[in-house]
Student: 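Input: one structure, supplied below.
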Amino acid sequence: MKITFDGKEFSLPLHWHEVTLSQILESDKLLKDMPEKLYEETFEGKEVEYTEDEKIDNWKFYREWIGFWVKIPKNYELKIEDLTWLYQSLIFLMGSAKEEDVLIQETFTFKGVEYGLPEAEKLLNGQTKEMANSTYAEFIECAQLTTKINQLKSGDITALPMLTAILYRPIVETGYWFWKKRKVSDYKEKEVQLRMEEFKQLPMDKVWSAYFFLTEHLKAYLNGLQTSLKEKVKEVDTVGIC
C-alpha cells in the first residue's frame, strides 16, 4: 500500500508476501526494546494503564517500529493519529501468521531453483503416508522446531529459518527416458545450513507456508506411525502364537 507524507511516497506492508524473513528477524531486535507494559498488553493480553510518561515511551517505540517498516525518516513530523494508525497497521508483523491468511505452496522458484515440500505417498490400503520419505532426524528436528515456535504467543521466529530450510528442498530429476521423474531431494543437514542464509530473502508467505504445512501434517504423520507400529506388534504376536 502506498501512502504519502510531506509530498513523498512510502510503502506500507499489509501482507506477509510483502516482507522478507530477513526483515522479520531484524525487526525482532526492536521488540526487545518495547516498553514493558506495552509488551504485556500486546503479547500477554493484560489490561494495563499508562502514565503520561509511559505513553510518551510508547509513542517513541511506535516511531521506531514505523521507521523500520515504512522507512519514514526521523526528521518527518508525524501527528499522533498518524503514528497510531500506522503502528496498528503494522502490529501483525510482531506475531505468527493465521493459517487462513496463508496458502500452503507445494513448490516455488527462488533465484532460479525450484523447491518443494516433502511428498506424501498413497499406500495400497488406500491410506496416505505423510512426509513419506522423511528421515527420523528430519522429522524429530522439525517437530522440535515447531514446539519451539509454539512456546511463545508471539511466535519464536528464530526457529523459522531452519524449519523452512529443512522442509523446502530443491526438486531434482531422477531416472532416464520414460522412467524419468521429478522428486524433492533428500534431507541433508549440511545443505540445510546453506539454505538458511539464502532463505532469509524469502517472502514471509513462503516461510509460513512451511510452518503450516508441518503443523497440518504432523498429527497425521504421528497417527500413521502409531498405526503402523500397532500393526507390526500384531504381526509379531501372530507369529508368536504360531
Side-chain angles (χ1 to χ4, degrees), residues 1-3 9-34 64-73 86-87 89-119 131 134 138 141-142 144-146 148-150 152 154-173 182-217:
M1 176 181 175
K2 297 296 183 181
I3 57 175
E9 195 173 73
F10 299 92
S11 294
L12 172 66
L14 295 176
H15 303 285
W16 287 108
H17 67 264
E18 297 177 299
V19 299
T20 66
L21 176 56
S22 177
Q23 288 175 300
I24 290 292
L25 292 171
E26 189 66 26
S27 71
D28 193 52
K29 298 175 184 176
L30 292 179
L31 294 181
K32 293 177 173 57
D33 294 325
M34 178 183 274
E64 288 292 324
W65 190 251
I66 293 165
F68 177 84
W69 284 111
V70 190
K71 308 303 180 191
I72 299 177
L86 281 170
Y87 176 74
S89 300
L90 294 165
I91 283 179
F92 80 99
L93 294 168
M94 294 179 181
S96 301
K98 296 179 181 178
E99 192 167 1
E100 59 267 25
D101 294 336
V102 177
L103 176 67
I104 295 178
Q105 301 180 47
E106 299 293 335
T107 65
F108 67 81
T109 300
F110 180 65
K111 294 186 177 181
V113 178
E114 188 176 10
Y115 295 92
L117 292 166
E119 299 157 344
M131 300 174 67
S134 299
E138 174 189 357
E141 194 159 15
C142 283
Q144 289 175 336
L145 289 172
T146 304
K148 184 179 180 184
I149 293 170
N150 289 335
L152 296 178
S154 60
D156 187 350
I157 54 96
T158 58
L160 285 175
M162 181 174 285
L163 181 66
T164 309
I166 289 174
L167 290 174
Y168 275 115
R169 303 195 293 274
I171 295 175
V172 296
E173 289 190 348
R182 287 155 45 87
K183 58 168 282 190
V184 175
S185 58
D186 295 333
Y187 167 73
K188 296 177 182 176
E189 189 174 351
K190 289 183 179 179
E191 293 181 3
V192 167
Q193 298 298 323
L194 295 174
R195 279 200 298 277
M196 281 176 62
E197 283 303 311
E198 292 181 3
F199 279 3
K200 285 181 180 179
Q201 300 309 314
L202 274 181
M204 280 301 296
D205 61 324
K206 307 291 192 305
V207 178
W208 288 122
S209 175
Y211 170 73
F212 287 119
F213 167 84
L214 184 62
T215 55
E216 182 180 294
H217 290 75

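Position 1 is the first residue of the sequence, and the numbers go up from there.
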Student: Dump the intermediate steps for side-chain contact (heavy atoms from CB on, under 4.5 Å) on Lys32 and Asp28, then the final yes or no.
Tutor: CA-CA 7 Å; Lys32 293 177 173 57; Asp28 193 52; 3.5 Å; yes

Student: May I have the step-by-step check of side-chain contact (heavy atoms from CB on, under 4.5 Å) for Leu86 and Trp65, ending in yes or no?
Tutor: CA-CA 9 Å; Leu86 281 170; Trp65 190 251; over 6 Å; no

Student: Taking only residues two or more places apart in sequence or in another chain, which ones pass salt bridge (Lys or Arg N to Asp or Glu O under 4.0 Å) with Glu114?
Tutor: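 Testing Glu114 for salt bridge (Lys or Arg N to Asp or Glu O under 4.0 Å), a comparison that skips the adjacent residues, returns Arg182.
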
Student: Got a sec, which residues hit salt bridge (Lys or Arg N to Asp or Glu O under 4.0 Å) with Glu26, two or more places apart in sequence or on another chain?
Tutor: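 Salt bridge (Lys or Arg N to Asp or Glu O under 4.0 Å) list for Glu26, sorted by chain: Lys29.
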
Student: With sequence neighbours excluded, what pairs up with Lys2 under the salt bridge (Lys or Arg N to Asp or Glu O under 4.0 Å) test?
Tutor: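 Partners of Lys2 by the salt bridge (Lys or Arg N to Asp or Glu O under 4.0 Å) criterion come out as none, since no residue qualifies.
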
Student: Apply side-chain contact (heavy atoms from CB on, under 4.5 Å) to residues Ile3 and Glu9 and explain how you reach the verdict.
Tutor: CA-CA 6 Å; Ile3 57 175; Glu9 195 173 73; over 6 Å; no

Student: For a quick test of reading the model, state the closest non-hydrogen atom pair linking Leu117 to Val184 and the distance between them.
Tutor: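 Residues Leu117 and Val184, closest heavy atoms: O-CG2, 3.2 Å.
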
Student: Whether the side chain of Arg195 engages the backbone of Tyr168 through a donor-acceptor N/O pair (distance < 3.5 Å, no angle test) should be reported.
Tutor: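 Yes.
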
Student: Tyr115: which residues meet the ring-ring contact (aromatic ring centres under 6.0 Å, His included) condition with it, sequence neighbours left out?
Tutor: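 Only Phe108, Phe199 meet the ring-ring contact (aromatic ring centres under 6.0 Å, His included) criterion with Tyr115.
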
Student: Would you kindly say whether Ser96 and Tyr211 are connected by a side-chain donor-acceptor distance under 3.5 Å?
Tutor: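 The criterion, which ignores hydrogens and geometry beyond distance, is not satisfied for Tyr211 and Ser96.
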
Student: Report the C-alpha separation of Lys183 and Ile171 in whole Å, then their side-chain angles, then the decisive distance to 0.1 Å, and conclude whether the side-chain contact (heavy atoms from CB on, under 4.5 Å) test is met.
Tutor: CA-CA 5 Å; Lys183 58 168 282 190; Ile171 295 175; over 6 Å; no

Student: Report the residues that fulfil ring-ring contact (aromatic ring centres under 6.0 Å, His included) with Phe212, sequence neighbours left out, ordered by chain and then residue number.
Tutor: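 Checked Phe212 against ring-ring contact (aromatic ring centres under 6.0 Å, His included); zero matches.
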
Student: With a 3.5 Å distance limit and no angle check, can you tell me whether Ser209 reaches the backbone of Asp205 through a side-chain donor-acceptor pair?
Tutor: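 The answer is no, because no donor-acceptor pair under 3.5 Å joins these two groups.
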
Student: Report, one line per pair, each donor and acceptor closer than 3.5 Å where one atom sits in a side chain of residues 13-20; sequence neighbours left out.
Tutor:
{"residue": "Glu18", "atom": "OE1", "partner": "Leu14", "partner atom": "N", "Å": "2.6"}
{"residue": "Glu18", "atom": "OE1", "partner": "His15", "partner atom": "N", "Å": "2.8"}
{"residue": "Thr20", "atom": "OG1", "partner": "Gln23", "partner atom": "N", "Å": "3.2"}
{"residue": "Thr20", "atom": "OG1", "partner": "Gln23", "partner atom": "OE1", "Å": "3.4"}

